[in-house]
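Worksheet for the structure shown next.
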Amino acid sequence: MGNQTVLYMLVLSGLSDHPSLQLPLFLVFLLVYLMTLTGNLLIVLLICTDSHLQTPMYFFLGTLACLDIGYSSVTIPRMLFHFHIQKRLISIQACITQIFFFVFFATSELSLLAGMSYDRYVAICHPLHYTQIMHWKTCVLLVLGVLMVSVVYSFVHVLLLLKLTFCRLKPLQSFFCDLPQLLLVSCSDTSINVLLILILAILVGGGIFALTFCPYIIILNTIMKMSKSMRSKAFSTCSSHLIVVFKFYGTGLFSYFHPNVKDHSAAEKVASVFYTVLTPLVNPLIYSLRNKIMTTSLKRAVCRLIQI
């Protein structure tokens with residue numbers, strides 16, 4: 001390493017360096033965070049208290065809402081804190097911890113969306129056997145499997161990060177500790193980390209991608225054979241899920257797989273905001289506004305509160 005100085009603190013570039021924008025950005029993202037917590041907590045409460053929503057599909061939706069709360073809480077609180085200070089410093093340990101939880105929640109969400117695809121496949125293609133296949137034990141085991149895979153996947157990345165040394169003063173061009181950005185400021189050989197990211201992206205990411213979209217090939221084939229009224233109902237049950245999937249994959253792929261991944265420009269920061277901040281916010285809106293059962297349950301809950 002020669003005369004290189006080992007760093008124990010890193011600098012985040014944040015969203016903007018303009019002093020006049022710090023307060024407006026703080027207020028906007030504080031509002032977004034509060035709305036995210038409120039929307040997702042409301043979905044969890046509705047599913048737990050309304051017997052009409054205690055089905056496998058809404059069990060997965062409630063789990064997704066819990067993951068969204070954790071996912072947004074990994075990045076937004078620290079970002080809000082950094083709006084009030086000039087030097088956006090974060091320790092190496094805190095940075096790696098943030099990466100662990102960020103990768104864990106992101107992988108859990110993607111894996112759960114794959115599980116929800118399977119749930120829709122069984123509901124549409126095998127409706128008579130739905131309750132037998134998607135019983136509660138299966139749903140709980142599926143969610144536990146998702147969480148276990150995500151923990152292992154995140155832990156592997158963290159173990160390799162702990163072996164790296166950081167000595168470059170270049171700020172991380174992001175508002176949170178992002179794995180590719182952290183590797184750029186390391187003075188150690190990161191070839192193994194990069195190779196691992198590539199292999200795991202192909203194996204784990206490719207597997208999750210296939211499990212998410214392959215069921216829809218069979219679903220679409222089944223839907224096309226249905227009557228017009230049944231086809232409309234089947235499409236409505238899948239549309240919310242597909243919107244969430246395409247939104248998550250679209251913004252994530254843009255941020256991590258564009259040609260100039262080392263040049264984290266304003267466009268990439270905007271994309272990062274979409275998949276880290278706005279995705280957990282809009283998920284409850286997509287599922288509640290496009291779901292008649294959910295909106296009916298919400299109306300019943302509001303009516304009960306008014307009567308109290």
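Side chains are part of it too, since the values below use all heavy atoms of this structure and drop only hydrogens, waters and symmetry mates.
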> Does a donor on one side chain sit under 3.5 Å from an acceptor on the other, for N193 and K163?
Replying inline: no
> Do the side-chain N and O atoms of T138 and H135 include a donor-acceptor pair separated by under 3.5 angstrom?
Replying inline: yes
> Between T107 and S150, do the side chains contain an N or O donor and an N or O acceptor separated by less than 3.5 Å?
Replying inline: no
>> If the condition is side-chain hydrogen bond (donor to acceptor under 3.5 Å, both in side chains), which residues does T55 pass it with, not counting sequence neighbours?
In response: none
>> Could you tell me if the side chain of F104 sits less than 4.5 Å from the side chain of V152, heavy atoms only?
In response: no
> salt bridge (Lys or Arg N to Asp or Glu O under 4.0 Å) with R78: which residues, sequence neighbours excluded?
Replying inline: none
> When you look at CZ of F274, are more than 12 heavy atoms from neighbouring residues, nucleotides or ligands closer to it than 6.0 Å?
Replying inline: no
> Going only through I, L, V, M, F, W and Y residues with side-chain contacts under 4.5 Å, is there a path from V204 to I202?
Replying inline: no
> Does the side chain of L164 reach to within under 4.5 Å of the side chain of L161, using non-hydrogen atoms?
Replying inline: yes
>> Does either side chain, that of Y58 or that of H52, offer a donor lying less than 3.5 Å from an acceptor on the other one?
In response: no
>> For a side-chain contact (heavy atoms from CB on, under 4.5 Å) check, start with the C-alpha distance between M134 and H129, then their side-chain angles and the critical distance, and finish with the verdict.
In response: CA-CA 8 Å; M134 298 303 297; H129 302 286; over 6 Å; no
> Between Y130 and D119, is any pair of side-chain heavy atoms under 4.5 Å apart?
Replying inline: yes
> Any donor and acceptor pair, going by atom type alone, linking the side chain of Q98 with main-chain N or O of V74 inside 3.5 Å?
Replying inline: yes
> Does any non-hydrogen side-chain atom of I217 lie less than 4.5 Å from one of N221?
Replying inline: no
>> Ignoring hydrogens and geometry beyond distance, is a side-chain donor-acceptor pair present between Y121 and T222 at under 3.5 Å?
In response: no
